[in-house]
Colleague: 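What follows is a single structure, and I will ask about it in a moment.
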Amino acid sequence: MTARFELGGLAGGMPRRGTVAAYRCATCATEVTIEAVHPFRCPAATLGDSHHVLHPVVVGPDPKPIEDPNPFVSYGRSLAWWAFARSHGMSEDDCIALTREVADGFHVTPGGPHDEVSLRVGAQVWVKDETGNVGGSHKARHLVGILLHLRAAEAVGLAPGPRPPLAIASCGNAAIAAATLAQRAGWPLQVFVPDTVSDSVAALLDGLGAQVNRCPRSPDLPPGDPAVLAFRAAVQAGAIPFSVQGPENGLCLDGGRTLGWEIAEAVEAPARVLVQVGGGALAACVGWGLGTAYRLDTVQTAGGAPLARAWARAGGMATQDLGAHWGELMTPWEDPHSLADGILDDETYDWQADVGVMRASGGRPIVVAEQDVVAAYEMTVEVGARVSPTGSAGLAALVAEARLGTARADEPVVVLFSGVQR
């Protein structure tokens, strides 16, 4: 029987883990073998072209999980870096040992019904809380897969010589996760942040050993996030893209799927899942991990909603054709602003995958008013959660529905709290 391949592991009916057999560009369909060293970007993308992104290609059946409390060990056989390492002769015991070293501290994060929030918004709310994860958010899930690939390449002798620095563009949570992991690994890290980054976050990054570079907006710069522009310049100069944006490093879309797998094991389908969106990798990975039995809606604020705008512009265009029209459909948002500043990416970089998982699951993009972002955050404070305004932005969709009288009391809804309030 011919194996059935799926991009990202999104197949009909049930969550699909499978085994990663290759990578395929969502824009041009270029394929990259699983044996490739450092398959960060599509090889067909020219210098300066950020409109390509490699997605994992998954073939079933689902491998048996390894009994371990660390999800990166438990789901290891379904991860791309693991398949890469095994293709180059690493034993399964060696993969487990490397995972326990590099991904130390990861665990299945708590999740369950939240009675008080449910009562306040008039829905059956189930909260998955990532604030106790490594670095205080889900971001480390995306990054540790990259680091595991880097370490595996070293272990099998495919990455000789001195380590080039890692580089990331972030306004907070992703940078903190990156700095936490890089410090553990003894790997130098360059962080590019907007000049509006808080002094407390900058001090935390400095304390973790990161080189912090503030990037102000300027009319002399091309459109887009100045931190991302500076990050790309660093990568062109030789830094490794330690990024949570798929077009910059498709390997970030590997480990993030563990979050979707955890939710699927704990919440029975059908259920609705609300995911706050900045760069879009979180929604892509959660959707791939859940499968199509779970409706996934994305949430952005009215002060920055490039994904919803691209969705409207795309209309009925086939998902596989979106990348060819990237420059027309996904354009930088002018003057992004919101209390939820961590989802104010000028562009939703992983928008193709986000559109794909929404279409496949019957979901849609939701744009919430700023008053609902504020109210959602205030609610989390009142119920004792430690989540930031960015990390509670998915809840804002339910707050808006409660305010408008459209909430459904009979519908199970999952929201993610990710990004500890600092």
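What's counted below: heavy atoms across the whole structure, side chains too, no hydrogens, waters or symmetry copies.
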Colleague: Of all the heavy-atom pairs spanning Ala264 and Leu290, show the shortest one and how long it is.
Modeller: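 Scanning both residues, the minimum pair turns out to be N-CD2, 3.9 Å.
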
Colleague: Does Val415 offer a backbone N or O that forms a donor-acceptor pair with the side chain of Gln276 under 3.5 Å?
Modeller: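 It does not hold such a pair.
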
Colleague: Would you say that Pro65 contacts Arg17 through its side chain, given a criterion of any heavy-atom pair below 4.5 Å between the two side chains?
Modeller: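 Result yes, sub-4.5 Å side-chain heavy-atom pair found.
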
Colleague: Show, in sequence, the C-alpha distance, side-chain angles and deciding distance for Thr27 and Gln352, and conclude whether the side-chain hydrogen bond (donor to acceptor under 3.5 Å, both in side chains) test is met.
Modeller: CA-CA 9 Å; Thr27 295; Gln352 293 178 86; 3.2 Å; yes

Colleague: With no hydrogens and no angle check, is any side-chain donor or acceptor of Asn213 less than 3.5 Å from a backbone partner on Val191?
Modeller: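 Yes; at least one donor-acceptor contact below 3.5 Å.
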
Colleague: Could you check if a side-chain atom of Pro241 sits within less than 4.5 angstrom of a side-chain atom of Phe231, using non-hydrogen atoms only?
Modeller: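 Answer yes - side chains close enough.
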
Colleague: Look at the side chain of Arg359 and the backbone N and O of Arg364, then say whether any donor-acceptor pair between them is shorter than 3.5 Å.
Modeller: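 Not at all, since once roles are kept as given, no pair shorter than 3.5 Å links the two residues.
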
Colleague: What's the verdict on side-chain hydrogen bond (donor to acceptor under 3.5 Å, both in side chains) for Glu248 and Ser50, showing C-alpha distance, side-chain angles and the deciding distance?
Modeller: CA-CA 7 Å; Glu248 310 299 342; Ser50 59; 5.1 Å; no

Colleague: Taking C-beta and beyond as the side chain, do Ile146 and Asn249 meet within less than 4.5 Å on heavy atoms?
Modeller: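 A side-chain contact exists here, since the closest heavy-atom pair is under 4.5 Å.
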
Colleague: Is the Trp326 ring parallel, tilted or perpendicular to the His51 ring (thresholds 30°, 60°)?
Modeller: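 Ring orientation, 0 to 90° scale: parallel.
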
Colleague: Any donor and acceptor pair, going by atom type alone, linking the side chain of Tyr294 with main-chain N or O of Val267 inside 3.5 Å?
Modeller: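 Pair found, side chain donor or acceptor close to backbone of Val267.
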
Colleague: Does the side chain of Val273 come within less than 4.5 Å of Val413's, by heavy atoms?
Modeller: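 The answer is no; the side chains never approach within 4.5 Å.
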
Colleague: Mark yes or no for whether Thr131, through its side chain, and Arg386, through its backbone, hold a donor-acceptor pair below 3.5 Å.
Modeller: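 A pair under 3.5 Å: no.
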
Colleague: Students often mix this up, so state it plainly: with edges at 30° and 60°, are the rings of His142 and His138 parallel, tilted or perpendicular?
Modeller: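 His142 vs His138 ring planes: perpendicular.
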
Colleague: Are Thr301 and Glu370 packed together at the side-chain level, in the sense that at least one heavy-atom pair is separated by less than 4.5 angstrom?
Modeller: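 A side-chain contact under 4.5 Å exists here.
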
Colleague: Of all heavy-atom pairs between Pro56 and Val20, which one has the smallest distance, and what is that distance?
Modeller: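 Heavy atoms only, the tightest pair is CB-CG1, 4.0 Å.
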
Colleague: Using the side chain to side chain contact (heavy atoms under 4.5 Å, CB included) definition, which of the options Thr319, Asp297, Leu296 pairs with Met358?
Modeller: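 Of Thr319, Asp297, Leu296, side chain to side chain contact (heavy atoms under 4.5 Å, CB included) with Met358 is met by Leu296 alone.
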
Colleague: Which heavy atom of Pro39 sits nearest to which heavy atom of Tyr23, and what is that distance?
Modeller: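 It is CG-CE1, 3.6 Å.
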
Colleague: Which residues satisfy the salt bridge (charged side-chain N to carboxylate O under 4.0 Å, His left out) test with Asp68, sequence neighbours excluded?
Modeller: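 If we apply the salt bridge (charged side-chain N to carboxylate O under 4.0 Å, His left out) test to Asp68, skipping adjacent residues, the hits are Arg100.
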
Colleague: Work out which heavy atom in Val193 is nearest to a heavy atom in Ser170; give both atom names and the distance.
Modeller: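 Between these two residues, the closest heavy atoms are CG1-O, 3.0 Å.
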
Colleague: For Tyr349, which residues count as a ring pair (Phe, Tyr, Trp, His ring centres under 6.0 Å) partner, sequence neighbours excluded?
Modeller: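 By the ring pair (Phe, Tyr, Trp, His ring centres under 6.0 Å) rule, Tyr349 matches no residue at all.
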
Colleague: Of all the heavy-atom pairs spanning Leu274 and Gly394, show the shortest one and how long it is.
Modeller: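 Closest pair (atom of Leu274, atom of Gly394, distance): CD1-O, 3.7 Å.
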
Colleague: Would you check if the distance from the ring center of His149 to the ring center of Trp81 is below 6.0 Å?
Modeller: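 Centroid distance His149-Trp81: not below 6.0 Å, so no.
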
Colleague: Given 3.5 Å as the limit, does a donor-acceptor pair link the side chain of Thr348 with the main chain of Asp350, or not?
Modeller: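 No, the answer is negative, given that no donor and acceptor are paired below the 3.5 Å cut-off.
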
Colleague: Looking at Trp187, I'd like to know if the NZ or CZ of Arg163 sits under 6.0 Å from its six-membered ring centre while staying within 45 degrees of the ring's axis.
Modeller: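 Judged by the rule, Arg163 and Trp187 form a cation-pi pair.
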
Colleague: Would you check if the side chain of Ser118 reaches a backbone N or O of Val125 as a donor-acceptor pair within less than 3.5 Å?
Modeller: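 Looks like yes, one N/O pair under 3.5 Å.
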
Colleague: Below 4.0 angstrom, N of the basic side chain to O of the carboxylate: do Arg408 and Glu401 qualify?
Modeller: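 Looking at Arg408 and Glu401, the cut-off is not met.
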
Colleague: Please identify each residue that fulfils salt bridge (charged side-chain N to carboxylate O under 4.0 Å, His left out) with Asp354, with sequence neighbours left out.
Modeller: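 Residues passing salt bridge (charged side-chain N to carboxylate O under 4.0 Å, His left out) with Asp354: none at all.
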
Colleague: Taking the side chain as C-beta and beyond, is there a heavy-atom pair between Ile176 and Arg422 under 4.5 Å?
Modeller: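 Yes, side chains in contact.
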
Colleague: Can you name the nearest heavy-atom pair linking Arg295 to Gly363, along with the distance?
Modeller: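 Distance-wise, the nearest heavy atoms are CG-CA, 3.8 Å.
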
Colleague: For the pair Arg184 (side chain) and Asp104 (backbone), establish whether a donor and an acceptor sit closer than 3.5 Å, ignoring hydrogens and angles.
Modeller: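 At least one qualifying donor-acceptor pair exists.
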
Colleague: Report yes or no: does Thr390 contribute a side-chain atom to a donor-acceptor pair with the main-chain N or O of Gly342 at less than 3.5 Å?
Modeller: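 Yes: the side chain of Thr390 pairs with the backbone of Gly342.
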
Colleague: Do the side chains of Asn173 and Val201 get nearer than 4.5 Å, heavy atoms only?
Modeller: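 Contact flag for Val201/Asn173 side chains = no.
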
Colleague: For residues 302-315, which side-chain donor-acceptor pairs fall under 3.5 Å, sequence neighbours excluded?
Modeller:
| from | atom 1 | to | atom 2 | distance (Å) |
| --- | --- | --- | --- | --- |
| Arg309 | NH2 | Thr331 | O | 2.9 |
| Arg309 | NH2 | Thr331 | OG1 | 3.1 |
| Arg309 | NH2 | Pro332 | O | 3.3 |
| Arg313 | NH1 | Glu328 | O | 3.4 |
| Arg313 | NH1 | Leu329 | O | 3.2 |
| Arg313 | NH1 | Thr331 | OG1 | 2.8 |

Colleague: Taking NZ, NE, NH1 and NH2 as the nitrogens, is one of them in Asp346 or Arg217 under 4.0 Å from a carboxylate oxygen of the other?
Modeller: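 Here Asp346 pairs with Arg217 in a salt bridge, since their nearest N and O are under 4.0 Å apart.
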
Colleague: In terms of side-chain heavy atoms, does Glu67 have a donor or acceptor partner in Ser74 at a distance below 3.5 Å?
Modeller: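 Judged by distance alone, the side chains do not pair up.
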
Colleague: Rounded at 0.5 Å granularity, tell me how far CG in Leu158 sits from CD in Glu154.
Modeller: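 Nearest 0.5 Å value for the CG-CD distance: 10.5 Å.
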
Colleague: Between Lys139 and Glu130, does the salt bridge (Lys or Arg N to Asp or Glu O under 4.0 Å) criterion hold? Intermediate values first, please.
Modeller: CA-CA 9 Å; Lys139 299 289 188 178; Glu130 286 282 289; over 6 Å; no

Colleague: Applying salt bridge (charged side-chain N to carboxylate O under 4.0 Å, His left out), can you list everything that pairs with Glu347, at least two apart in sequence or on another chain?
Modeller: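 By the salt bridge (charged side-chain N to carboxylate O under 4.0 Å, His left out) rule, Glu347 matches no residue at all.
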
Colleague: Is a side-chain N or O of His88 found less than 3.5 angstrom from the main chain of Glu35, in a donor-acceptor match?
Modeller: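 Judged by distance alone, yes, a pair lies under 3.5 Å.
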
Colleague: With sequence neighbours left out, what residues match Asp199 under salt bridge (charged side-chain N to carboxylate O under 4.0 Å, His left out)?
Modeller: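 Residues passing salt bridge (charged side-chain N to carboxylate O under 4.0 Å, His left out) with Asp199: Arg214.
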
Colleague: Please walk me through it: do Leu79 and Arg257 pass side-chain contact (heavy atoms from CB on, under 4.5 Å)?
Modeller: CA-CA 9 Å; Leu79 296 173; Arg257 296 178 297 148; 4.1 Å; yes

